[in-house]
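Everything numeric in this text was worked out from a predicted model, so none of it was measured.
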Amino acid sequence: MTPPDVRKITSIAEAARARAFAARLTAGLGAPEVERARFLTALTARLRTCLGECAAELTLTVRPAASDGTVLVEAVAEPVPAELGRTPLWRLTLTCPGRPARTRHEPHRSRNPDESALTEAVLAADVETAAILRRLDETERQLRLHREELHQTNQGVMALHAELDAAARIQRDLLDAERAARGEAEKARRLLTFLADASAAVTASLDQEDILRCLPGLLVPGYASHVDVWLFDEPEDPGSAHSAAAVAAARLGRPQQAGPHPGALPGVDDLPPSVLSPNASLLCIPLTVRRTLGVLTLTAPGDRFDEDTSVMLVELARRIAIALDNARRYEQHRDTAEALQRAQLTALPRTDGVRLAARYLPATRGLNIGGDWYDAFPQPDGSLLTVVGDVTGHGLRAAVIMGQLRTALRAYAVEDDSPARILTRLHRMLCHQQPNLYATAVIARFRPGDPHVVWAAAGHPPALARTPGGTVRVLDTRPGVMLGVPLPFEYEDHTAELPPGSTLVLYTDGLVERRAHGIDPGIETLGRAVAALGAAELEDLDACAEALLRPLLRDSERDDDVCLLLCHIPHDDPDAPRAEPPERQEAPAR
């Protein structure tokens, strides 16, 4: 530790020399410039304060600060005499990194300061000030650089925030657009699904009334609050009135919209409010295929119709029009086929040896009319031929082919009375003239006074024979192939005993065959019904025919035609009832 340097300072010059000594001491110890300047500035200010009161005593002490080589410079300044001053004891320390230097104690000088020492002190202070200024300049330069970097950083942060905000807005816009697109896609999917389901519903039936009945269930309440269909060809209620929009749609052939506000619907005309301004929006769509069949009027379920919904409804109306047109064409075709079929049915002849009764019922589902027929006609030798047949296919073509077969069969029967040979010739004719058409048939021949029946079948359901005692047997010998099958085939005659009081039942498969059960259960049911007929009931064959149809046709819907021919051999009783006139041999039309 260096001995302390103690100085009594009574003038400004001594204070300057003391400051210069402190400056050299701290500089020699390697004190940092800024800390050294602060130390010297504080020391000078303290000496000025002390000199303002009287004199000052300054003590400078240098001692080690730590084991790492640093030293501590301590300056103590107090007024002299201390009891006279108002300024208390002042102590300041400065830590220096260097080792303490050897300093010699300068003698106290007189009050007249040496000019060179003062000059040295001033120059030393300027040097220190210059060093501080350089440090300050460097600090300011660093500060400007940092401020500029901070400004650029702030600008970058602000730009980044702006980009983030813009990206967030874009993301929100994209999310909104995606949400809207999903909503539109879901709406389009829902409309397309409904259009497909509704189209399947209106085209599932060929009955116009069924189509019209299903429309309210399809459209109300999701797409309309009320549905009205105006068909031009249908008789109208005298009290019914049509809206101006429906009349405009019928006249112009374009969809019309009428409501409190313009709808601006695609492909739809808006009627002016002066023409019609109802409380609810009306959408009137013409039902047009090749011509306008009518007008579909829909009342909006809300304030107005949606654009996408209106497009779907216009397309649905077009499909409804197609379904209605198909139903009408089907009805016309069906009525024509049924009329042709009934026109070719035979009026049953009256004979003494055989009583006859027949029923023909057209199909009620599908275009299955025209293939079934029955026939009965006497031969030149007095015998009676009875026939039941069924042509494959349906409609007008089947009815025409049936007429050709009926005519050909009668022509062949003039030359030959054998049922088998007649069927063989029919088979050859059909193979030659109609190679893609087939038929089934059964022919039974009755001779007066002969208790036997000769019959032959070509792929037809077996006939049933009921004895007078009520026993029923199935004539199920080998029936042979269907007529028209491209195979050479010779049919055979079969004989069955039919004593007086017996009944032969001929029929087509529409009477006994059902898709879910096949044909055998139906034949068994028919056999039980025939066996249940009483002797008294057989006196009225028409009533017997109705009694046989009842258990086999419980429902009113039929997929195929039904033919039934009853051949009853009466007892030798001249008072036995005869067959009814031909007008009663057919069932009433649908």
Side-chain angles (χ1 to χ4, degrees), residues 191-259 263 265-271 275-335 365 590:
L191 291 176
L192 289 176
T193 301
F194 172 78
L195 180 61
D197 294 342
S199 300
V202 298
T203 57
S205 175
L206 287 174
D207 187 281
Q208 179 173 286
E209 295 300 324
D210 290 343
I211 296 173
L212 296 179
R213 278 194 297 267
C214 78
L215 293 182
L218 290 173
L219 296 170
V220 178
Y223 298 94
S225 60
H226 181 71
V227 177
D228 180 69
V229 180
W230 171 24
L231 296 179
F232 299 155
D233 295 341
E234 294 295 320
E236 296 186 19
D237 185 357
S240 64
H242 303 290
S243 64
V247 174
R251 185 179 69 255
L252 301 175
R254 284 181 53 82
Q256 304 292 320
Q257 190 271 344
L265 303 176
V268 179
D269 298 338
D270 283 320
L271 289 178
V275 176
L276 181 64
S277 181
N279 296 327
S281 295
L282 298 179
L283 181 60
C284 300
I285 310 171
L287 301 173
T288 303
V289 186
R290 288 171 293 276
R291 61 185 181 90
T292 301
L293 306 177
V295 177
L296 173 66
T297 300
L298 304 174
T299 304
D303 295 336
R304 62 185 64 192
F305 285 97
D306 177 71
E307 293 184 2
D308 296 335
T309 302
S310 68
V311 173
M312 182 274 295
L313 292 175
V314 170
E315 174 61 22
L316 178 60
R318 185 185 70 84
R319 302 186 183 190
I320 294 173
I322 294 175
L324 291 174
D325 184 66
N326 290 338
R328 290 188 175 185
R329 291 165 63 86
Y330 161 77
E331 291 291 340
Q332 295 172 357
H333 195 84
R334 176 191 179 91
D335 293 343
R365 277 200 298 253
R590 290 182 300 109

Asker: Identify the heavy atoms of Ala258 and Ala245 that sit nearest to each other, and give their distance.
Answerer: CB-CB, 4.0 Å

Asker: Should Tyr330 and Asp207 be marked as a side chain to side chain contact (heavy atoms under 4.5 Å, CB included) after you check the CA-CA gap, both sets of side-chain angles, and the distance that decides it?
Answerer: CA-CA 9 Å; Tyr330 161 77; Asp207 187 281; over 6 Å; no

Asker: CG of Leu324 to CD1 of Ile211: how many Å apart, nearest 0.5 Å?
Answerer: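 Separation between the atoms: 5.0 Å.
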
Asker: What distance do Leu313 atom CG and Leu219 atom CG have between them, rounded to the nearest 0.5 Å?
Answerer: 6.5 Å

Asker: Between Phe305 and Leu298, is a side chain to side chain contact (heavy atoms under 4.5 Å, CB included) present by the stated rule, with each step listed?
Answerer: CA-CA 10 Å; Phe305 285 97; Leu298 304 174; 4.0 Å; yes

Asker: Is the closest side-chain heavy-atom distance between Asp306 and Tyr223 below 4.5 Å?
Answerer: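 Not in contact.
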
Asker: How far apart are the closest heavy atoms of Arg318 and Glu315, and which atoms are they?
Answerer: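 Scanning both residues completely, I find the closest heavy atoms to be NH2-OE2, 2.6 Å.
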
Asker: Between Ala246 and Trp230, which heavy-atom pair has the shortest distance, and what is it?
Answerer: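 Looking at all heavy atoms of both residues, the shortest contact is O-CZ3, 3.9 Å.
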
Asker: I'd like to know if the side chain of Asp325 reaches the main chain of Ala321, judged simply by a donor and an acceptor atom lying under 3.5 Å from each other, with no hydrogens or angles considered.
Answerer: no

Asker: So, for Gly259 and Gln257, which heavy atoms are closest and what is the spacing to 0.1 Å?
Answerer: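 Minimum heavy-atom contact is N-NE2, 4.0 Å.
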
Asker: Return yes if some donor-acceptor pair links the side-chain N/O of Thr297 with the main-chain N/O of Cys284 below 3.5 Å, else return no.
Answerer: no

Asker: First locate atom CD of Gln256, then atom CG of Leu283, and finally report the distance between them rounded to the nearest 0.5 Å.
Answerer: 9.5 Å

Asker: What pair of heavy atoms forms the shortest contact from Leu316 to Ala198, and how long is it?
Answerer: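 Scanning both residues, the minimum pair turns out to be CD1-CB, 3.7 Å.
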
Asker: How many angstroms lie between CG in Leu282 and NE2 in His226, if you round to the nearest 0.5 Å?
Answerer: 9.5 Å

Asker: Rounded to the nearest 0.5 Å, how far does CG of Leu212 lie from OG of Ser205?
Answerer: 10.0 Å

Asker: Which heavy atom in Ser310 sits nearest to a heavy atom in Pro266, and how many Å separate them?
Answerer: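 Distance-wise, the nearest heavy atoms are OG-CD, 3.9 Å.
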
Asker: For atom CZ of Arg213, is the number of surrounding heavy atoms from other residues, nucleotides or ligands below 6.0 Å larger than 12?
Answerer: yes

Asker: Using a strict 4.0 Å threshold on nitrogen-to-oxygen distance, state whether Glu331 and Arg328 make a salt bridge.
Answerer: no

Asker: In Å and rounded to the nearest 0.5 Å, what is the CZ to CD1 distance from Arg329 to Ile322?
Answerer: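 With rounding to 0.5 Å, CZ (Arg329) is 11.5 Å from CD1 (Ile322).
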
Asker: So, do Val311 and Leu191 sit near enough that their side-chain heavy atoms are less than 4.5 Å apart?
Answerer: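 Not in contact.
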
Asker: How about Leu287 and Leu231: do any of their side-chain heavy atoms sit closer than 4.5 Å?
Answerer: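 Touching, per the 4.5 Å side-chain cut-off.
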
Asker: Within the distance-only criterion (no hydrogens, no angle test), does the side chain of Ser199 pair as donor or acceptor with the backbone N or O of Leu195 below 3.5 angstrom?
Answerer: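 Flag set: sc Ser199 to bb Leu195 pair under 3.5 Å.
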
